[in-house]
Amino acid sequence: MPFLSRFAATLFMAMAAVACLLSGAALADTLQGTPQKVIIVGGDREYPPYEFIDKNGQPSGYNVELTRAIADVMGMKVEFRLTGWAEVRTALQTGKVDVLQGMSYSEERSREVDFSLPHTIVNHAIFARRESPMINTFDEIEGKVVAVHRGGIMHDYLVKKGFSGKLILTATPADALRLLAAGKTDFAIVAIVPGMYIIRELKLTNLIPVVRNVATHRYCYAVNRGNEELISRFNEGLAILRKTGQYQAIYEKWLGVLEPNRVEWATVTRYAAIVGIPLVLLLGGFALWSRTLHRQVALRTADLTREIAERRHAEEELLLNQQQLVQADKMAALGVLVSGVAHEINNPTGLILLEVPILRRFFQDASKVLERYYQENGDFTCGGLRYSRMREEMPRSLEKLQEAGKRIKRIVDDLKDFARRDDTASNDTIDLNAVAQAAVRLVEPSIRKATSRFSTEYAEGLPTVRGNAQRIEQVLVNLIINACQALPDTGRGIELATLYDASRGAVIFRLRDEGSGISPEHLSRLTDPFFTTKRDMGGTGLGLSVSAGIVKEHGGTLEFDSTPGSGTTVTLTLPEYRKENVT
């Protein structure tokens, strides 16, 4: 019995170590493709133009479009749930939604939720009927009947301030303005942009804002307190959209000036008469003078056009060289960074690969004793599981753990090889199959995200080519990433193949995607410097230009064949390396 006690203690410690290692393996499995959690985004169903349900029953508005853009750039999956504002605040507290996409900041609310950085500023105004006595300050509504959105920031503000009048709480800002238009309240307090939008859409022509900017609040994303990871992802996505200009485009689309003030025709006519008559006289004089200068200007314009074209060409070449130098410097810095990170990753990975075989041998030896105990005493609990199940699961778990360690080591080695600075001449013999397989491993996360139908076909006995393996791998990585970006959904596929054309003495790499294709007018310009159809996605137009230059250095060709709507095929051809006979 003392022996069994010591053995049980030893076995418990071993199983604890295995559990820790299995946790790491589970994390690796998560990084390799566990289905992504859908983030539930809550909002107000009637708060235009920020967020609302449109005529087709779909979420729409500034907040919705901004959230979709952040989700796209951060690789998140989101689902919108727009209901009443009071209901959606309760849903956040109970965990039925993960984040509110539009909530005004206050110190009181910050004790309940965590806010993101503000994505806009909301100004609130006091609205009244046109025939109502005009007011100029917030204090003049004391003792009056005021409609306000239930649970909104101004509701909180008036309650905190101790408002002495009568508050009429409504489900939506539109309801507050309807009550005011019908004469059932003296005033309504609504955010100025939604207020003007609702007045226009509902044709509430008897309402006007009488006091603008009575309160200004930061408008943010909000999550339950402690969910720092989620709010940081929204902050990061918002920062990226600001840098790329996409945020400004969304802001201008939804929150720009709703309608300019109309100008009376009488005013237009009066100013036209004052300005127009002298202007006509001046234009007549300029017309006579310009005819004498027209011929000279035309000649000088032709000269300037030629000079500008020559200068633009020189500037493009200079900018291309600068961009290539910057990219080379980035790759050099990446090589240093990767070397350091790879060393830190390889240490625990090496420990996993070293310790797992020991654990496997230990379990094999221990299972004999455990099996005998099982036969004599029946089933028992071991490591939280019944032994009858544990004896089947443990070998498989250790096998998966060892394979995960090998996979980490292989990925790190590929990354080190790709980022390593290589200034040697293009005189090495290259196995194109090996280079293609390394490129696929490097971009495997992008491939998994873009498509569920990725296939490869590597020709056997492929001849070698002469060149620089690292540069050819850079070209293949760029081509595969472009193919992934061309796919509109994961149901479209990518096919990769290598083959040998004996008649031409050429080794061929062919990549076909089922994406949206390339327009015929763009096909001939794909390798031009700075030409890109992905400018709004951050494309610089240098990837294919640099790739074409690398292929040309290796004596090869890069060809594109595409049909809009049917996909694109890229064919990289390199000459077969034939060792000359030495006499």
Side-chain angles (χ1 to χ4, degrees), residues 32-33 403 406-407 409-411 413-415 417-418 426 428-518 523 526-527 543-544 547-548 550-552 554-578:
Q32 294 171 13
E403 289 300 319
K406 291 178 181 179
R407 177 174 173 79
K409 186 176 186 302
R410 186 166 59 251
I411 292 173
D413 290 342
D414 287 341
L415 188 59
D417 291 340
F418 180 75
S426 302
D428 295 331
T429 56
I430 303 173
D431 181 355
L432 189 60
N433 280 342
V435 175
Q437 290 165 1
V440 170
R441 288 195 297 269
L442 277 178
V443 298
E444 186 177 355
S446 297
I447 295 172
R448 289 200 308 269
K449 181 179 178 182
T451 178
S452 59
R453 295 173 48 226
F454 180 76
S455 63
T456 59
E457 183 178 350
Y458 300 105
E460 297 182 359
L462 200 66
T464 59
V465 297
R466 193 75 164 173
N468 186 304
Q470 184 181 1
R471 292 188 178 182
I472 296 298
E473 184 178 348
Q474 178 182 349
V475 173
L476 302 189
V477 166
N478 188 36
L479 296 178
I480 296 172
I481 289 177
N482 284 347
C484 292
Q485 293 174 346
L487 300 182
D489 56 71
T490 57
R492 305 287 185 94
I494 298 177
E495 299 174 0
L496 182 154
T498 60
L499 54 148
Y500 173 57
D501 187 344
S503 62
R504 292 191 293 166
V507 179
I508 299 173
F509 171 88
R510 181 170 296 156
L511 188 69
R512 179 182 179 275
D513 66 69
E514 297 176 353
S516 53
I518 303 170
L523 200 58
L526 289 179
T527 58
L544 288 179
S547 296
I550 293 173
V551 173
K552 186 176 180 180
H554 287 73
T557 60
L558 193 59
E559 300 174 351
F560 299 87
D561 182 24
S562 181
T563 302
S566 299
T568 303
T569 300
V570 185
T571 304
L572 167 63
T573 304
L574 295 171
E576 171 191 3
Y577 172 60
R578 296 178 179 177

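The distance from the OG1 atom of T464 to the CG atom of D431 is 8.0 Å, given to the nearest 0.5 Å. Summarising the geometry, atom CG belonging to L476 is positioned 10.5 Å from atom CG belonging to L442; distances are rounded to the nearest 0.5 Å. Rounding to the nearest 0.5 Å places CG of N482 at 4.5 Å from CG of N478. Distance check: L479 CG to F560 CZ gives 6.0 Å after rounding to the nearest 0.5 Å. Rounding to the nearest 0.5 Å gives a distance of 10.5 Å between OG of S566 and CG of D561. Rounding to the nearest 0.5 angstrom, the gap separating the CD atom in Q485 from the NZ atom in K449 is 10.0 Å.
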Please report the C-alpha distance between D513 and R492 in whole Å, then the side-chain angles of each, then the deciding distance to 0.1 Å, and finally whether the side chain to side chain contact (heavy atoms under 4.5 Å, CB included) criterion is met.
CA-CA 8 Å; D513 66 69; R492 305 287 185 94; over 6 Å; no

After noting the C-alpha distance and the side-chain angles of C484 and T451, does the key distance pass the side chain to side chain contact (heavy atoms under 4.5 Å, CB included) rule?
CA-CA 7 Å; C484 292; T451 178; 5.7 Å; no

Applying side chain to side chain contact (heavy atoms under 4.5 Å, CB included) to V507 and T498, what does each step give before you reach the verdict?
CA-CA 8 Å; V507 179; T498 60; 5.9 Å; no

Yes or no on side chain to side chain contact (heavy atoms under 4.5 Å, CB included) for L496 and V440, after CA distance, side-chain angles and deciding distance?
CA-CA 10 Å; L496 182 154; V440 170; 3.9 Å; yes

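The backbone N or O of A459 lies less than 3.5 Å from a partner atom in the side chain of N433, making a donor-acceptor pair. Here the side chain of T490 pairs no donor or acceptor atom with the backbone of S452 at under 3.5 angstrom.
Across every non-hydrogen atom of I480 and A439, the tightest pair is CD1-CB, 4.3 Å. Closest heavy-atom contact between A506 and Y500: O-CD1, 3.2 Å. When all heavy atoms are compared, the tightest approach of L487 to G493 is CD2-O, 3.9 Å. A pairwise comparison of heavy atoms in R466 and I430 identifies C-CD1, 4.4 Å as the closest pair. Taking each heavy atom of Y458 and A436 in turn, the nearest pair found is CE2-CB, 3.9 Å. The heavy-atom pair separating S562 from T568 by the smallest distance is OG-OG1, 3.0 Å.
Put simply, the residue from T557, L462, T571, L432 that forms a side chain to side chain contact (heavy atoms under 4.5 Å, CB included) with I508 is T571.
Scanning for side-chain hydrogen bond (donor to acceptor under 3.5 Å, both in side chains) contacts around E514 gives R453, with sequence neighbours left out.
Side chains of H554 and V465 form no contact here, defined as non-hydrogen atoms less than 4.5 Å apart.
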